[in-house]
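First up is the structure itself, then whatever we jot down about it.
In what follows, every heavy atom counts, from backbone to side chain, and hydrogens, waters and symmetry copies are set aside. When a ligand or atom number is given, it counts from 1 through the structure's own listing order.
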Amino acid sequence: MKDSYDRNINYLRISVTDLCNLRCRYCMPEDGVCKKEHDEMITEDEIICAVEAAASLGVTKLRITGGEPLIKRNIVSICRRAAAVEGIKEVCITTNGVLLPSLAGELRAAGVSRLNISLDTLDAEKYKYISRCGTLEGAVAGIRTALGAGFDRIKLNTVLIGGFNDDEIPALAELTRLYPLDVRFIELMPMYDSGDFGKEAYLPCSAVIDRLPELCPAETDGGVARLYRLPGAKGSIGLISPLSDHFCGSCNKIRLTSDGKLKPCLHAPAEYSLKGLDSEGMRSILQTAIMAKPLWHGELDAENRSRAGRNMNQIGG
Ligand code: SAM
Ligand code: SF4
């Protein structure tokens with residue numbers, strides 16, 4: 001379905017939980033989040049009903065995210081049922097990878113075609129620092145398992161943080177030469193109360209080009225990243241720049257939070273509840289939310305924080 005600015009909304013991102021087994025400093029507070037009452041959260045049946053309603057309006061692609069989606073007890077079932085909905089062509093997951101060693105095979109068999117795995121550093125101490133409680137070893141084991149499990153293309157998501165991992169841009173990019181992996185560098189977004197990063201942490205993606213003069217422009221894959229490739233590389237390098245060069249004009253997404261709220265825009269406060277609605281009710285609210293999608297997310301930089309009113313784990317990045 002087209003929104004009021006003629007953008008074709010065909011991509012639904014579904015956050016299945018706001019809980020996580022890590023505590024990344026840019027994403028959620030150290031103490032985690034207060035676990036919500038069960039009846040405040042969207043159920044598996046409601047998620048599938050929302051997917052059916054969205055598919056009937058032209059949504060073809062789903063991304064399952066969180067919080068950490070793989071800690072959700074019924075994640076395989078959600079993916080299997082969502083992938084089977086008529087009109088859905090692609091189900092992808094964004095994960096920190098830690099639980100992939102036990103789940104990758106089942107997720108692939110359930111119809112998940114692609115994985116994005118978050119990896120901000122190749123240094124074990126820095127990984128422990130940024131995630132507050134994870135290990136690099138755990139994330140790498142997840143990536144290795146995923147590579148052997150038959151997913152179409154695996155992307156690594158790296159949040160660019162000035163003074164933390166800008167010195168690792170060449171090493172992270174080198175992974176695309178060594179493995180059939182794509183790397184996506186994402187500008188750090190100033191969310192509600194996630195992290196007290198200074199101005200210098202908000203690096204523009206042009207820092208990647210500055211560090212890698214040998215990058216050659218590559219053809220777009222239809223996503224929001226500007227794509228490049230290192231000579232002889234197996235995978236691409238993508239730059240996602242919501243701050244320095246926003247892509248709102250071609251945004252095709254709508255989001256569903258784990259407490260059942262539709263968010264037409266990641267950084268806008270507007271939310272529309274789907275909780276407790278039947279499929280006609282959900283279809284109608286989806287149409288309302290799509291038509292209410294703003295033209296752009298507004299100023300977003302170190303001084304102008306996101307107006308979402310939630311941290312990233314509570315929306316689904
Ligand atoms: N737990 C999963 C993971 O880490 O991949 C999925 C949820 S996480 C919220 C989704 C993506 O959002 C991750 O790649 C994460 O690095 C990114 N993210 C979280 N907070 C962010 C922020 N403030 N700015 C930019 N990206 C952020
Ligand atoms: Fe958890 Fe992902 Fe947020 Fe890290 S980025 S705290 S892994 S939800």
Under 4.0 Å from a heavy atom of Thr65: give me the atoms of ligand 1 that qualify, with their elements.
6 (C), 7 (C)
Which atoms from ligand 1 have a heavy atom of Cys27 less than 4.0 Å away?
9 (C), 19 (C), 20 (N)
Per-atom filter on ligand 2: closer than 4.0 angstrom to a heavy atom of Met28 are 6 (S)
Just by modelled atom types, is the Leu62 backbone N or O under 3.5 Å from a matching donor or acceptor in the Glu90 side chain?
no
List ligand 1 atoms under 4.0 Å from Thr94, heavy atoms only on the residue side.
2 (C), 5 (O), 6 (C), 10 (C)
Cut-off 3.5 Å, side chains only: do Glu68 and Asn21 have a donor facing an acceptor?
no
If you group Ile, Leu, Val, Met, Phe, Trp and Tyr by side-chain heavy-atom gaps below 4.5 Å, do Ile47 and Tyr11 land in one group?
no
Below 30° counts as parallel, above 60° as perpendicular, anything between as tilted: where do the rings of Tyr129 and Phe164 land?
tilted
Does Ser118 have a non-hydrogen atom less than 4.0 Å from ligand 2?
no
Under 2.8 Å from atom 1 (Fe) of ligand 2, is there an N/O/S atom belonging to Cys27?
no
Does Gly67 come within less than 4.0 angstrom of ligand 1, counting non-hydrogen atoms of the residue?
yes
Consider only side-chain N and O atoms of Thr257 and Gln314, and report whether a donor and an acceptor are under 3.5 Å apart.
no
With a 6.0 Å cut-off (strictly less than), is the heavy-atom count around CD of Glu86, excluding the residue itself, greater than 12?
no
Could you say whether the N/O atoms of Tyr26 and ligand 1 ever approach to under 3.5 Å?
yes
Could you list which atoms of ligand 1 come closer than 4.0 Å to a heavy atom of Gly66?
7 (C), 9 (C)
Out of all atoms in ligand 1, which are within 4.0 Å of some heavy atom of Asn157? Include the element for each.
14 (O)
With atoms numbered from 1 as shown, which atoms in ligand 2 lie under 4.0 angstrom from a non-hydrogen atom of Cys24?
4 (Fe), 5 (S), 6 (S), 7 (S)
Is the contact between Met189 and ligand 1 made by the side chain, the backbone, both, or neither, using heavy atoms and a 4.0 Å cut-off?
both
I'd like to know if the side chain of Glu168 pairs up with that of Thr121 as donor and acceptor (distance under 3.5 Å, no hydrogens or angles considered).
yes
Report yes if the side chains of Val16 and Ser258 come closer than 4.5 Å at any heavy-atom pair, otherwise no.
no
Specify side chain, backbone, both or neither for Leu22, according to which of its non-hydrogen atoms lie closer than 4.0 Å to ligand 1.
neither
Can you tell which of Glu219, Arg184, Arg229 makes a side-chain hydrogen bond (donor to acceptor under 3.5 Å, both in side chains) with Ser236?
Arg184
Using a strict cut-off of 4.0 Å, indicate which atoms of ligand 1 neighbour a heavy atom of Glu187.
25 (C)
Which residue and atom name correspond to the protein heavy atom nearest atom 7 (S) of ligand 2, and how close is it?
Asn96 ND2, 3.3 Å
Would the number of heavy atoms belonging to other residues, nucleotides or ligands and lying under 6.0 Å from CD of Glu137 be above 12?
no
Just by distance, do the side chain of Asn304 and the backbone of Asp301 share a donor-acceptor pair under 3.5 Å?
no
Could you tell me whether the side chains of Glu52 and Ser279 share a donor-acceptor contact shorter than 3.5 Å?
no
Ligand-side contact atoms (ligand 2) for residue partner Cys20, heavy atom cut-off under 4.0 Å:
1 (Fe), 6 (S), 7 (S), 8 (S)
Per-residue contact class, Val159 against ligand 1 - non-hydrogen pairs under 4.0 Å:
side chain
With a cut-off of 4.0 Å, which atoms of ligand 1 are near a heavy atom of Met191?
23 (N)
Under 4.0 Å from a heavy atom of Glu68: which atoms of ligand 1 are those, numbered in the order shown and with their elements?
1 (N), 2 (C)
